[in-house]
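Each remark here refers to the structure printed beneath this line.
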Amino acid sequence: MRVTVVPDDNFISVNGEGLVFPFPHEPDMHALQWAETAGHIEYKPQNGVMPANRPLGEEDFASVVQPYVTLHAQEKARRTAEEQAEAQRKLDEYNSEPARFERLRAERDARIAATDYLMTSDYPLTDTQRAAVTAYRTALRDLPAQDGAPWDGGGEETPWPVMPKL
């Protein structure tokens with residue numbers, strides 16, 4: 001296990017995964033370094049004098065190093081839970097009825113817009129064809145008011161009217 005702690009930067013790294021967050025620490029500690037079975041604590045200068053590093057051995061791991069490893073694990077778990085909650089919130093919002101209606105209407109509007117050129121007075125359609133396109137566009141406009149709407153919000157399960165063959 002490799003651990004680096006830099007209190008002034010609110011930084012703890014465990015096995016190369018660094019996190020920045022506030023945590024309690026020894027007041028004059030500049031940094032803690034641990035690699036596999038040994039390490040040391042570096043201290044801040046006192047009155048212009050650089051104190052000696054404090055060596056750490058395996059007997060110090062549980063009381064000196066492990067608390068920082070535990071803080072790192074707790075912060076990582078907190079962030080993971082927060083990310084999962086945010087992802088669930090976004091999924092719930094995406095699947096909400098208002099969002100599904102918004103997607104349904106957007107797809108419906110795009111399908112109507114794709115037929116706008118057919119409704120111009122100079123587009124060559126027979127009266128029967130024009131009536132079929134008008135019925136198709138009306139069915140699209142009425143889609144959000146049908147029972148069960150918004151279904152899947154304009155996705156595969158939405159019962160789209162079929163564009164007439166012209």
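All residue numbers in this chain count up from 1 along the given sequence.
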Looking only at heavy atoms, what is the nearest atom pair of [X] and [Y], with distance?
{"X": "Arg103", "Y": "Gly153", "answer": "CB-O, 3.0 Å"}
{"X": "Leu140", "Y": "Arg111", "answer": "CD1-CB, 3.8 Å"}
{"X": "Asp60", "Y": "Leu56", "answer": "OD2-CA, 3.3 Å"}

Starting from [Y], can I reach [X] by hopping between I/L/V/M/F/W/Y residues whose side chains sit under 4.5 Å apart?
{"X": "Val69", "Y": "Phe11", "answer": "no"}
{"X": "Ile41", "Y": "Met1", "answer": "yes"}
{"X": "Leu104", "Y": "Ile112", "answer": "yes"}

Could I get the full list of side-chain contact (heavy atoms from CB on, under 4.5 Å) partners for [X], not counting sequence neighbours?
{"X": "Thr120", "value": "Asp122, Tyr123"}
{"X": "Arg105", "value": "Phe101, Arg108, Pro144"}
{"X": "Thr37", "value": "Glu58"}
{"X": "Glu93", "value": "Arg89"}

Using a 3.5 Å distance criterion without hydrogens, assess whether the side chain of [X] forms a donor-acceptor pair with backbone atoms of [Y].
{"X": "Asn95", "Y": "Asp92", "value": "no"}
{"X": "Arg130", "Y": "Leu118", "value": "yes"}
{"X": "Gln146", "Y": "Leu143", "value": "no"}

Can you tell me how far apart CD (Glu86) and CG (Leu91) are? Round to the nearest 0.5 Å.
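Taking CD in Glu86 and CG in Leu91, the distance rounds to 11.5 Å.
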Once you round to the nearest 0.5 Å, how far does OG1 of Thr115 lie from CZ of Arg137?
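With rounding to 0.5 Å, OG1 (Thr115) is 4.0 Å from CZ (Arg137).
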Sequence neighbours left out, cut at 3.5 Å: what donor-acceptor pairs do the side chains of residues 15-32 make with other protein atoms?
from	atom 1	to	atom 2	distance (Å)
Asn15	OD1	Arg2	N	2.9
Glu17	OE1	Lys76	NZ	3.0
Glu26	OE2	Tyr43	OH	2.7

With side-chain contact (heavy atoms from CB on, under 4.5 Å) as the test, would you mind laying out the steps for Met119 and Asp116 before giving the verdict?
CA-CA 5 Å; Met119 300 310 292; Asp116 283 350; 5.7 Å; no
Does any donor atom in the side chain of His72 or Gln74 lie under 3.5 Å from an acceptor atom in the other side chain?
no
Audit row: Arg78, Glu75, salt bridge (Lys or Arg N to Asp or Glu O under 4.0 Å) steps and yes/no
CA-CA 5 Å; Arg78 184 195 68 76; Glu75 178 64 12; 2.7 Å; yes
Heavy-atom count check: over 12 atoms from other residues, nucleotides or ligands less than 6.0 Å from Glu102 CD?
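No, not enclosed.
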Is it the case that more than 12 heavy atoms not belonging to Asp127 sit under 6.0 Å from its CG atom?
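No, the 6.0 Å shell around CG holds no more than 12 heavy atoms from other groups.
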Anything under 3.5 Å between a donor and an acceptor, one on a side chain of residues 154-166, the other on a protein residue two or more places apart or in another chain? List them.
from	atom 1	to	atom 2	distance (Å)
Thr158	OG1	Asp152	OD1	2.6
Thr158	OG1	Gly154	N	2.9
Thr158	OG1	Gly155	N	3.3

State, with a plain yes or no, whether a side-chain heavy atom of His40 is found less than 4.5 Å away from one of Arg54.
no
